[in-house]
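Computation of the quantities below employed the complete heavy-atom set of this structure, encompassing side-chain atoms and omitting hydrogens, waters and symmetry-equivalent molecules. Chain A is the first sequence line, chain B the second, and so forth, proteins listed ahead of strands; every chain is numbered from 1.
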Protein chains: 2
Amino acid sequence: MTRHGKTLDKLKEAGYRLTPQRVMVLAALAGKPGHIGVDDIFRQVHASYPYIDVATVYRTLQLLKVLHLVTELDVGGSARYELIETEVHHHMVCRNCSRAFDFSPTYLEEFHHRLIQEFGFEPDLEHFAIGGLCSACARERR
Amino acid sequence: MTRHGKTLDKLKEAGYRLTPQRVMVLAALAGKPGHIGVDDIFRQVHASYPYIDVATVYRTLQLLKVLHLVTELDVGGSARYELIETEVHHHMVCRNCSRAFDFSPTYLEEFHHRLIQEFGFEPDLEHFAIGGLCSACARERR
DNA sequence: GTTAATGCAAACACTTTGCAGCCGC
DNA sequence: GCGGCTGCAAAGTGTTTGCATTAAC
């Protein structure tokens with residue numbers, strides 16, 4: 001079973017149709033590690049099926065989001081998506097090279113608890129991503 | 001001196017012209033506490049000077065951003081701006097009522113240092129804002 | 001055969017840009 | 001008066017929506 005096989009099953013179980021377009025969008029999501037932009041998904045699917053429309057990609061992603069099969073991040077402007085796999089994790093996105101790196105939720109535990117305790121504010125950390133400069137780009141810049 | 005008087009001075013010192021439009025945009029920023037959207041600024045200025053164009057508001061904010069006189073946040077879609085005052089602080093933005101609350105950078109210190117030490121990743125925390133549910137809305141929801 | 005999903009086109013919200021005229025310095 | 005700034009209009013992104021046709025079930 002491919003990396004997105006389970007997601008296809010869940011779509012079907014939820015009563016949605018398994019159209020080739022949806023399968024291709026999921027394949028694109030599964031094909032690259034980390035989060036990926038709508039344009040990137042569109043380009044990939046379009047390469048093998050030129051009739052695909054961006055609207056379909058958006059609608060598919062919307063559906064997958066509602067069903068909690070993908071997570072959506074919006075780091076600076078456009079949205080990016082990622083298949084939900086086993087573990088929750090967060091992202092560091094380099095402002096220079098746009099690469100993304102994962103980090104564990106434990107890094108935010110202290111922060112999370114302090115906001116709750118001191119302000120009663122429950123932060124949304126499910127889709128948390130932080131911009132910055134990655135080590136490679138920081139080195140290069142010197 | 002008004003709340004944005006210093007900012008006006010800095011603009012002038014930097015060699016930029018103090019046009020009425022710029023003064024009005026700054027007055028709008030100073031008029032409301034916390035961060036504020038472009039549409040909000042535009043509406044306020046437009047009320048007293050109907051010839052103002054959104055482009056001017058955008059250009060002014062762009063300039064103020066480059067000069068580090070305002071900070072820009074983008075929580076979900078459109079950008080929001082705030083005059084830079086004495087202290088650096090971050091924001092909690094309620095996903096329900098859209099109100100913003102401040103918190104000190106000390107809350108993120110541990111997180112910040114761990115990303116640097118363990119990944120060599122330098123996070124951009126200057127414009128940091130986190131979405132979530134504020135205590136009032138959480139209470140109401142029950 | 002039903003009905004949901006697609007492709008197409010158009011609209012949408014937000015932001016940027018080119019340009020001629022204007023006005024702060 | 002010079003050059004930066006403005007208003008206007010137009011274009012550029014990224015995203016959503018209405019609708020007739022198509023295809024998954």
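- Rounded to a whole Å, the CG atom of A/Asp40 is 17 Å from the P atom of D/dT13.
- Going from atom CZ of B/Arg17 over to atom C1' of D/dG4 covers 4 Å, rounded to whole Å.
- For the pair B/Ile130 and A/Leu115, the minimum side-chain heavy-atom distance is below 4.5 Å.
- Checking B/Lys65 against B/Lys12, the closest nucleotide of DNA chain C that is more toward the 5' end is the one next to B/Lys65.
- In this structure, CZ of A/Arg22 is placed 12 Å from C1' of D/dC25, rounded to the nearest angstrom.
- For B/Thr19 and D/dT6, the shortest distance from a side-chain N or O to OP1 or OP2 is below 4.0 Å.
- Few gaps surround CZ on A/Phe42; more than 12 heavy atoms of other groups in view lie less than 6.0 Å from it.
- Out of C/dA9, C/dT17, D/dG14, the shortest distance to the side chain of A/Ser78 is found at D/dG14.
- For D/dG7, the OP1/OP2 oxygens have a side-chain nitrogen or oxygen of B/Gln21 closer than 4.0 Å.
- Residue contacts for A/Arg59: at a heavy-atom cut-off of 4.0 Å it reaches a base atom on one of the strands shown.
- Nucleic acid contact for B/Phe42: none, since no nucleic acid atom lies under 4.0 Å from a heavy atom of the residue.
- Across all strands, B/Tyr58 comes closer than 4.0 Å to base atoms (heavy-atom distances).
- Relative orientation of the B/Tyr49 and B/Tyr51 rings is perpendicular, given thresholds of 30° and 60° on the angle between their planes.
- In this structure, the CD atom of A/Glu13 is 14 Å from the P atom of D/dC25, given to the nearest Å.
- Rounded to whole Å, the distance from CG on B/Asp53 to P on C/dC22 is 16 Å.
- Residue A/Tyr49 places at least one side-chain N or O closer than 4.0 Å to OP1 or OP2 of C/dG7.
- The CD-P distance, from A/Gln62 to D/dG14, rounds to 17 Å in whole Å.
- Whole-Å rounding puts the B/Leu63 CG to C/dT15 P distance at 17 Å.
- Taking the six-membered ring for Trp and thresholds of 30 and 60 degrees, A/Phe119 and B/Phe103 have ring planes inclined between 30 and 60 degrees apart.
- Contact annotation: A/Tyr16 does not reach the phosphate of C/dT6 (side-chain N/O to OP1 or OP2, under 4.0 Å).
- Nearest nucleotide to the side chain of A/Leu18, out of C/dC14, D/dC25, D/dG7: D/dC25.
- Contacts of A/Pro20 with the nucleic acid, taken as non-hydrogen atoms under 4.0 Å apart, involve only primed sugar atoms and P, OP1 or OP2.
- Hydrophobic clustering (side-chain heavy atoms under 4.5 Å, transitive across Ile, Leu, Val, Met, Phe, Trp, Tyr) groups A/Val70 together with A/Leu63.
- Between B/Thr56 and D/dG7 there is a side-chain polar atom (N or O) within less than 4.0 angstrom of OP1 or OP2.
- As a whole-Å value, the separation of A/Leu67 CG from C/dA4 C1' is 14 Å.
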